Amino acid sequence: MSNYDRIYSIVSQIPSGKVATYGQIAELAQLYGQARLVGYALRRLDPRSPVPWHRVINAKGEISYSALRRGNDYQQRSLLEAEGIEFNRQGKIDLQVYLWRSSVR
DNA sequence: GTCGTGACTCGAT
DNA sequence: AATCGAGCCACGA
């Protein structure tokens, strides 16, 4: 089982209406300290993949932008809002409210 | 096999 | 509050 497989399976567990950070996913995938790898894995994911990639954000509660995504980041925000997640004035998500607390560990 | 890169994070400026 | 630099290491060319 590759690291990517673990990452995808964990991301798939995030419930609708909640979000998780890259670092959090890394920990759950037993890849502590390798948050970058999580982003790496999601980058090669297709936008129409079954994995809810849009529920993964950075530690600051913001959407991580990348030139390589070309507009998909805007779509991410729409998807999250459609699930009831709110963005504050600075385009940030309140992690205290929306962060996913995984039962597994 | 080597090398550059990065949807990140954290602590220090 | 905004920026910077270093750390992390699997992946793909």
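Source: prediction; values computed, not measured. Letters go in sequence order (proteins before strands), and every chain restarts at 1.
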Residue-level proximity of residues 2-20 of chain A to DNA chain C when a heavy atom falls under 4.0 Å: A:Asn3, A:Tyr4
Side chain to side chain donor-acceptor pair (under 3.5 Å) partners of A:Arg101, counting only residues at least two apart: none
Results of side chain to side chain donor-acceptor pair (under 3.5 Å) for A:Tyr4 - residues two or more places apart only: none
Can you list every side-chain hydrogen bond (donor to acceptor under 3.5 Å, both in side chains) pair that touches residues 74-84 of chain A, not counting sequence neighbours? A:His54-A:Glu83, A:Arg55-A:Glu83, A:Arg69-A:Gln76, A:Arg77-A:Glu81
With sequence neighbours left out, the residues meeting side chain to side chain donor-acceptor pair (under 3.5 Å) with A:Ser2 are A:Asp5
Hey, what do you get for CG (A:Asn72) to CG (A:Leu79), rounding to the nearest 0.5 Å? 10.0 Å
For DNA chain C, which nucleotides open and close the run of contacts to chain A, 5' to 3', at under 4.0 angstrom from a non-hydrogen atom? C:dG7 to C:dG12
Which atom of A:Val104 lies closest to which atom of A:Leu28, heavy atoms considered: O-CD2, 3.8 Å
Restricting to side-chain contact (heavy atoms from CB on, under 4.5 Å), what partner residues turn up for A:Gln96, sequence neighbours left out? A:Asp94
With hydrophobic residues grouped by side-chain heavy-atom distances under 4.5 Å, do A:Trp100 and A:Val11 end up in a single group? yes
Considering only residues two or more places apart or on different chains, which pairs with a residue in residues 13-24 of chain A satisfy side-chain hydrogen bond (donor to acceptor under 3.5 Å, both in side chains)? none
For DNA chain B, the residues among residues 77-87 of chain A that have a non-hydrogen atom under 4.0 Å from it: none
Of all heavy-atom pairs between A:Leu80 and A:Phe87, which one has the smallest distance, and what is that distance? CD1-CZ, 3.9 Å
Indicate yes or no: at least one non-hydrogen side-chain atom of A:Arg6 is less than 4.5 angstrom from one of A:Leu31. yes
CG of A:Leu37 to CD1 of A:Ile25, rounded to nearest 0.5 Å, is 12.0 Å
Residues passing the side chain to side chain donor-acceptor pair (under 3.5 Å) test with A:Asp73, sequence neighbours excluded, are none
A side-chain contact here means heavy atoms from C-beta on lying under 4.5 Å apart; do A:Leu95 and A:Ile57 qualify? yes
Which residues within residues 27-44 of chain A lie with some heavy atom under 4.0 Å of an atom in DNA chain B? A:Ala35, A:Arg36, A:Gly39, A:Tyr40, A:Leu42, A:Arg43
Quick one, which residues of residues 54-61 of chain A touch DNA chain B with a heavy atom under 4.0 Å? A:Asn58, A:Ala59
From A:Ile93 atom CD1 to A:Leu99 atom CG, the distance as rounded to the nearest 0.5 Å: 10.0 Å
